[in-house]
Amino acid sequence: MKTVNRLKNRRVVITGATSGIGRACAELLAEAGAELYITGRRADRLDAIQRDLAERYDAHVSTFDFDIRDREQCREFVDSLDQPVDILINNAGLAAGKDPVDKAEFDDWDRMIDTNVKGLLTLTRLLSPQMKNRNIGHILNIGSIAGHEAYAGGVVYCATKHAVHAITQATKKDLHGTNIRVSEVSPGLVETEFSNVRFKGDDEAADRVYQGMQPLTAMDIAEIVLFTLNRPAHVNIMDTVVLPVQQSASTMVDRSS
Ligand code: NDP
Ligand code: 8X3
């Protein structure tokens, strides 16, 4: 089967590219010949990824370390771009804690809402006008199975991912009549740094999330992101929900292997 590469020389912003799904997307897009603008807070990681992708794929990669919760830093990032962006991958996000509603930390709620919802909205707000002016572009949001159902201990994380789902649908409608595409990819369990972050460095708790089952890899999701982005210009994939074969719902996981 012959696959056409429509991503060569496309200018792509990937938020949260220092690890996991964002890092894997950077890898595949660099291989496809896209020009990358990668973001995250850990500058050392961004630099290492830039060097690695330049060496292996001769990729043009620019790095921007800032906190997506800081609207001014987001604005400075967008203002510093010398060329219009073709694709925005809103990937940066996290879960903080898994406490029930009566015990959870307010700070955890703020971190999730400010990153997963407000950060994503800020970059969409700042980058969509130039897409609209050029009548071209693609905004791809990383949602979650947690945006399609809710589970105990995920009150605010699930709320943020339900918000991402709603934002994706409303954004598509706001941009109706343009050639801008708007998509979402909604994964189940993916083994990345996600659970280490959620359990605040308790790596044993993080490992237990994937015990006795085969989770998805970041690369599994990046391949679906690449497929979604690489469709012909008239094709808009709205959402792809992707689970490990051993997961059938957020809390329904076969751990017999
Ligand atoms: P990782 O923890 O491996 O990666 C998260 C990325 O987000 C990092 O690059 C991190 O960069 C960045 N990030 C987090 N907070 C901020 C911030 N305030 N400012 C800028 N960047 C930030 O997790 P994943 O790769 O798994 O997560 C990526 C996305 O996928 C998230 O939106 C997550 O909700 C979603 N997802 C994950 C699933 C999973 O099971 N792993 C399943 C479904 C969805 P840095 O720390 O350098 O700032
Ligand atoms: C991450 C997957 O099941 O931990 O979005 O919510 S889950």
Side-chain angles (χ1 to χ4, degrees), residues 13-27 38-49 63-71 73-74 77 89-98 108 110-120 122-123 140-165 167-168 184-201 203 205-206 208-210 213 215-222 224-225 239-244 246-253:
V13 168
I14 308 173
T15 67
T18 55
S19 110
I21 295 168
R23 168 72 182 86
C25 289
E27 174 89 26
I38 59 173
T39 87
R41 290 163 300 180
R42 289 170 286 184
D44 52 337
R45 288 220 190 171
L46 290 170
D47 291 345
I49 292 164
T63 64
F64 302 85
D65 58 295
F66 63 92
D67 190 322
I68 204 171
R69 291 171 294 182
D70 184 325
R71 200 161 279 155
Q73 288 187 35
C74 289
F77 159 61
I89 302 179
N90 277 315
N91 164 75
L94 80 159
K98 211 173 175 188
D108 286 346
D110 288 343
R111 275 176 71 198
M112 290 186 275
I113 292 166
D114 291 348
T115 310
N116 303 359
V117 182
K118 292 167 76 178
L120 177 148
T122 301
L123 279 191
L140 188 147
N141 297 328
I142 301 296
S144 170
I145 182 66
H148 293 264
E149 53 176 274
Y151 56 83
V155 62
V156 166
Y157 181 69
C158 295
T160 66
K161 289 299 178 177
H162 274 69
V164 170
H165 190 56
I167 290 163
T168 307
E184 184 177 359
V185 175
S186 301
L189 291 168
V190 189
E191 191 164 13
T192 60
E193 293 175 15
F194 178 86
S195 292
N196 309 83
V197 172
R198 171 171 237 170
F199 295 110
K200 302 171 184 175
D203 293 341
R208 278 197 293 277
V209 174
Y210 312 108
M213 57 91 62
L216 298 166
T217 65
M219 199 46 84
D220 292 328
I221 303 306
I224 290 161
V225 168
D239 192 9
T240 304
V241 181
V242 50
L243 303 177
Q246 286 172 281
Q247 183 179 27
S248 299
S250 284
T251 54
M252 196 174 172
V253 181

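Start at 1 and go down the list; that is how both ligands and their atoms are numbered.
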Discussion item. Do Leu216 and Ile221 make a side-chain contact, defined as non-hydrogen atoms from C-beta onward lying under 4.5 Å apart?
Written reply: yes

Item to complete: Report yes if the side chains of Phe199 and Val209 come closer than 4.5 Å at any heavy-atom pair, otherwise no.
Response: yes

Practice prompt. Using a strict cut-off of 4.0 Å, indicate which atoms of ligand 2 neighbour a heavy atom of Ala146.
Written response: 6 (O)

Worksheet item: What are the atoms of ligand 2, with element, lying closer than 4.0 Å to any heavy atom of Arg198?
Response: 4 (O)

Practice prompt. Side-chain contact test, heavy atoms from C-beta onward, threshold under 4.5 Å: evaluate it for Val197 versus Arg111 and give yes or no.
Written response: yes

Worksheet, complete the sentence: A student checking ligand 2 against Tyr151 at a 4.0 Å heavy-atom cut-off should list atoms 4 (O), 6 (O), 7 (S)

Discussion item. Is any side-chain heavy atom of Leu243 closer than 4.5 Å to one of Ile145?
Written reply: yes

Fill in: Residues in ring-ring contact (aromatic ring centres under 6.0 Å, His included) contact with His165, at least two apart in sequence or another chain
His148

Worksheet item: Mind checking whether Ile49 and Thr63 have side chains closer than 4.5 Å, heavy atoms only?
Response: no

Worksheet item: Going by distance only, is there an N or O of Tyr157 that falls short of 3.5 Å from an N or O of ligand 2?
Response: yes

Fill in: Residue-ligand contact Lys161/ligand 2, heavy atom below 4.0 Å
no

Worksheet item: Is the charged tip of Arg198 near the ring of Tyr157: under 6.0 Å from the six-membered ring centre and within 45° of its axis?
Response: yes

Worksheet item: In terms of residue, atom name and distance, what is the protein heavy atom nearest to atom 2 (C) of ligand 2?
Response: Ser144 OG, 3.9 Å

Fill in: From Ile14, Ile142, Leu140, residue fulfilling side-chain contact (heavy atoms from CB on, under 4.5 Å) relative to Cys25
Ile14

Worksheet item: Heavy atoms under 4.0 Å from ligand 1: which residues qualify?
Response: Gly16, Ala17, Thr18, Ser19, Gly20, Ile21, Gly40, Arg41, Arg42, Phe66, Asp67, Ile68, Arg69, Asn91, Ala92, Gly93, Thr115, Ile142, Gly143, Ser144, Tyr157, Lys161, Pro187, Gly188, Leu189, Val190, Thr192, Glu193, Phe194

Fill in: Validation row: Val13, Phe64 side chains within 4.5 angstrom (heavy atoms)
no

